[in-house]
> 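First, the structure itself, so that you have it in front of you.
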Amino acid sequence: MERTAALLAELDEDQRQAVSHGDGPLLVVAGAGSGKTRVLTYRIAWLLAGGLARSHEVLAVTFTNKAAREMVERVERLLVGPLAGGFVGTFHRFALQLLRNHPREAGLPSRFAIADEDDQRRMLDGVLKRLAVPTSQLSPRAARSRISAAKNALLGPREAAEAARGAQEQLLAEVFAAYQEELRSGGAVDFDDMLLLAVRLLEREEPIRRGLAGRFRWLLVDEFQDTNRVQARLLALLGGTRPNLTVVGDEDQSIYRWRGAELDNILRFEENYPGARVVTLGRNYRSAEPILAAAAGVIANNASRRPKRLTSQAGAGGPVVVYQAADETDEARFVADEIARRRGRLELGEVAVLFRINAQSRPFEAELVRLALPYVVVGGTRFWERAEIKDALAYLRLVAAPDDGLAFRRAVNVPARGIGAATIEHLERAAATWQVSLPEAARRLPEQLTARARLALERFTALVDELRGLAGQAPAGEVVERLLEQSGLAAQYAGGDEEDRDRRANLDQLIAAAAEAADRGLDLAGFVDEVALLTDADARTSAQAVRLSTLHAAKGLEFDTVFLVGLEDGLLPLRREGAENLEDEEEERRLAYVGMTRAKRQLFLTAARVRRLHGQLMPGRPSRFLLEVPREVVEERTAAFGREPFRSHLPRPHARREAAEAPAVEPETRKFGAGSRKPHPDGWRPGLKVRHATFGGGVILQVQGTAAQTRLVVFFERAGRKVLIPSLAKLEKA
DNA sequence: GCTTGCGGTATTTTT
DNA sequence: TACCGCAAGC
């Protein structure tokens, strides 16, 4: 009991309420920086330490492998011992494990394969071609996302066909059915199937469901705002009507609607689980006051949320700097210069540049290179999506699952060994006739093939078989090494140029990853499964490098200094062709909110007046989100050669009444800054030396606001930069 | 079967 | 602008 008290003693009042909740459903509404992960880990530790739960009864679900790993580590540190027997991992890993344990009951072959995005695309390409659907009518990309959406909403091809209204949906349903048949005949499941089939399995097989529900008596879910319908259903199946279910989330940080995240899961939690307790964490331990105020001003414009306020525990801080750049190069230069100025005082790993789309990273990279500032781009082309890695993995998949037709297709002619489209087509026809998988058809060497193709296929099959034999005895790292040698994959990149070196280094990393997995007791099949569920979320972070990242990839992270860039209408909020609805706008606003709340001490918001995107010059009107930032916390700067003051560019005031009352374009309301010709009536001007009662001596950097409402940005020798209202602050001219 | 060149298209992406 | 995928030519 002493242990549990000690755990609670380390928490604030709200956190304590959440952690020490007994049984029954619990929703923890955890605003940005309020200690969400802390609550989750302490709660697990508290349940275990107090004897309410035993560790094999705990099922904790996260969205990333990285989050899962961190959770285990933190709980084990709190418990001072291992967390054994329970499950801590992603939804997908849980589902996959379930399907691997019960493939028959799930209607799957015993060694079913996992189709990755590439496989999906290829299959859909084929399907669309076969059905003679012009890409103008339905692109493979659109088809994939719409099929995924259907699956996330618990719809199979049949249900989709029944629900289809209009020719478009009818067509999609047809494509869906053909795609699903393709998966089935290839003995594969896609990512969405993993969850969906797990749900179907539990719905159908009551003993299995009851077994799991009886075992996992404590369910905990992280990032609940991003769960979709299938995931909610999975939880319901595991938990029953009044489960010991703890969910933690924040609707303001839901940024995956486009992937099926159902905001209603969190907004209507109490409806779905009557009698649920709701605890709101209202203290933010991350961001300085102005940053929090800025973020709050923006997110307040969203309707789909629980109204709430976060109070900063991180103390006061300098204003949020808004920089209006001339173009994207100027924007990048500003950011790089600001970073350079902080070098030495700040670990570069504490600095992040966050943008909406990956394509924005280029100019920043160029400027950071110019100033010799190290950086890492998060996202970009990911390790596991590199061609050389995927090629090697295709072989491994084939070794692990001999009937993986998709892997076969990728591996069989890489490196080129004379097995082209014609050969594949023959094999496909043979496979269909014999009702066998594609690799099996290749093993049987159909008559129609040319002698050359037969020889090549024979060699290929022999190679894979040999590797499979090796996998039974040798460690995984060695298998990969042998595979790279004997397949000729390694030889492909024997050159001396940078790209070849890069690819060789990646392949070496793959060998290392396989060896490391083997050390953890995984066999080759296990390694292949794990890799399929892996993403680059594990990307090595460096304390010595500035982080360039999309907003999505920045979720859950924090930095001392954040540059949220590209705050222009059309970019953030991003405008795509097609309907722009309110929900889209709210999600974009949440993205901006997530970005802003990553900052601990210093936040920069930047926009460019013109931007070159996709080779075209785009006029950049400042984002409406910029307008929503309360003026009081902002310090404005503009590009040196920008003539017009920033505010004249602001779009018509949007949702905020105060903004509407202060027309943005009135010349009289322009700031009295360095660029202003008009002197301030009270004689304040940049460069003037002043003295403050508490802050001591300083110099005026900027004069902002109207004559009636002046704000001075002053740099004090002792206290640093402050924003003051001269009529309130006792300020003397020194 | 491989190489080259043209044209079309770009978001976000925990799994 | 830059890249990728596809089709035509070698």
Side-chain angles (χ1 to χ4, degrees), chain A residues 61-68 89-96 114-117 120-122 125 129 135-136 139-141 144-145 148 151-152 189-196 198 222-223 225-228 230-231 253-261 328 354-360 362-363 378-382 384-385 387 413 415-424 450 452-453 456 529-539 549-557 566 570-578 584 587-588 590-592 594-595 611-618:
Chain A
V61 211
T62 59
F63 275 81
T64 64
N65 293 295
K66 188 175 161 213
T90 63
F91 272 109
H92 286 83
R93 199 158 74 74
F94 179 80
L96 179 61
I114 297 165
D116 63 23
E117 242 168 272
Q120 289 183 290
R121 214 212 52 238
R122 246 190 290 249
D125 277 348
K129 217 160 275 170
T135 45
S136 57
S139 68
R141 199 194 173 78
R144 193 177 63 80
S145 90
S148 172
K151 288 183 177 179
N152 285 333
V189 300
D190 65 20
F191 280 117
D192 301 313
D193 282 342
M194 258 183 244
L195 298 174
L196 188 60
D222 194 12
E223 308 276 17
Q225 75 280 357
D226 287 327
T227 51
N228 61 30
V230 186
Q231 288 158 339
Q253 295 183 67
S254 170
I255 54 176
Y256 286 98
R257 203 178 76 90
W258 53 275
R259 292 207 48 177
E328 76 277 2
L354 307 181
F355 35 77
R356 180 64 235 265
I357 60 175
N358 278 126
Q360 282 172 266
R362 281 288 152 77
V378 184
T381 328
R382 291 189 251 301
W384 299 105
E385 277 161 33
N413 203 33
R417 41 172 81 86
I419 302 173
T423 307
I424 295 286
T450 61
R452 193 163 84 130
D529 267 359
E530 185 181 85
V531 165
L533 297 180
L534 220 54
T535 54
D536 225 34
D538 311 87
S549 164
T550 62
L551 288 163
H552 283 93
K555 196 175 87 166
L557 305 175
L571 189 58
L572 183 62
L574 186 70
R575 198 171 10 256
R576 300 156 283 185
E577 68 266 35
D584 287 336
E587 177 131 323
E588 295 290 317
R590 288 192 291 268
L591 267 171
V594 165
R611 177 177 298 275
R612 199 178 297 274
L613 209 62
H614 313 319
Q616 272 179 330
L617 222 52
M618 316 260 288

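Here is how names work: the chains are called A, B, and so on, in the same order as the sequence lines, proteins then strands, and each is numbered from 1. Small disclaimer: the values here were computed from a predicted structure and weren't measured.
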> Starting at atom CG of A/L195, determine the distance to atom C1' of B/dT14, rounded to an integer number of angstrom.
12 Å
> Does A/K555 reach the side chain of A/Y256, with side-chain heavy atoms less than 4.5 Å apart?
yes
> Rounding to an integer number of Å, can you tell me how far A/R356 CZ sits from B/dT13 P?
8 Å
> For A/H92 and A/E587, take the nucleotide of DNA chain B holding the closest heavy atom to each; which residue's nucleotide lies nearer the 5' end?
A/E587
> I need the CZ-P distance between A/R93 and B/dT14, as an integer number of Å.
17 Å
> For A/V61 and A/F94, run side chain to side chain contact (heavy atoms under 4.5 Å, CB included): C-alpha distance rounded to whole Å, both residues' side-chain angles, the deciding distance at 0.1 Å, then the answer.
CA-CA 8 Å; A/V61 211; A/F94 179 80; 5.5 Å; no
> Return no unless some side-chain N or O of A/T550 is found under 4.0 Å from OP1 or OP2 of B/dT13.
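Yes, A/T550 has a side-chain N/O under 4.0 Å of OP1/OP2 on B/dT13.
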> May I ask you to decide if A/S254's main-chain N or O and A/R590's side chain share a donor-acceptor pair within less than 3.5 Å?
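Pair found, side chain donor or acceptor close to backbone of A/S254.
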> Counting only heavy atoms not in A/R612, do more than 12 fall under 6.0 Å of its CZ?
no
> Using the 3.5 Å cut-off, write out each protein N or O paired with an N or O of nucleotides 1-3 of chain C and the distance between them.
from  : atom 1 : to     : atom 2 : distance (Å)
C/dT1 : N3     : A/H614 : O      : 3.3

> Closer than 3.5 angstrom, by distance alone: can the side chain of A/D125 be matched with the main-chain N or O of A/P140 as a donor-acceptor pair?
no
> What's the CZ-C1' distance between A/R141 and C/dG5, to the nearest Å?
14 Å
> How close or far is atom P of B/dA10 from atom CG of A/L574, stated in whole angstroms?
12 Å
> Ring centres within less than 5.5 Å and planes less than 30° apart: is that true of A/W258 and B/dT12 in this structure?
yes
> So, for A/L196 and A/K151, which heavy atoms are closest and what is the spacing to 0.1 Å?
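Of all heavy-atom pairs spanning A/L196 and A/K151, the closest is CD1-O, 3.8 Å.
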> Are any protein N/O atoms closer than 3.5 Å to N/O atoms in nucleotides 1-5 of chain B? If there are, list each pair with its distance.
from  : atom 1 : to     : atom 2 : distance (Å)
B/dG1 : OP2    : A/G420 : N      : 2.4

> Over how many whole Å does the gap from A/H552 atom NE2 to B/dT13 atom C1' extend?
7 Å
> Reckon A/E117 touches a base, only the sugar-phosphate, or nothing at all at heavy-atom distances under 4.0 Å?
base
> Could you give me the CA-CA distance, side-chain angles and deciding distance for A/E588 and A/L574, then say whether side chain to side chain contact (heavy atoms under 4.5 Å, CB included) is met?
CA-CA 7 Å; A/E588 295 290 317; A/L574 186 70; 3.6 Å; yes
> Does A/R93 have any salt bridge (Lys or Arg N to Asp or Glu O under 4.0 Å) partners at least two apart in sequence or in another chain, and if so, which?
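With sequence neighbours excluded, A/R93 shows a salt bridge (Lys or Arg N to Asp or Glu O under 4.0 Å) to no residue whatsoever.
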> At less than 4.0 Å, is any side-chain N or O atom of A/N358 found next to OP1 or OP2 of B/dA10? Yes or no.
no
> In whole angstrom, what separates A/R611's CZ from B/dA10's C1'?
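Whole-Å distance recorded here is 15 Å.
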> Can you tell me the distance, in whole Å, between the CZ atom of A/R259 and the C1' atom of B/dT11?
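From A/R259 CZ to B/dT11 C1': 15 Å.
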> Identify which nucleotide among B/dT14, B/dT13, B/dT12 has an atom closest to any side-chain atom of A/I357, counting heavy atoms from C-beta outward.
B/dT12
> How far does the P atom of B/dT12 sit from the matching atom of C/dG5, given to the nearest Å?
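It works out to 15 Å between them.
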> Base, sugar-phosphate alone, or nothing: which one does A/F91 contact when heavy atoms must sit under 4.0 Å apart?
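Result for A/F91 = nothing.
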> Of A/T550, A/L551, A/L591, which is the lone residue that meets side-chain contact (heavy atoms from CB on, under 4.5 Å) with A/L354?
A/L551
> Is there a salt bridge (charged side-chain N to carboxylate O under 4.0 Å, His left out) between A/E328 and A/R362 once you walk through the steps?
CA-CA 10 Å; A/E328 76 277 2; A/R362 281 288 152 77; over 6 Å; no
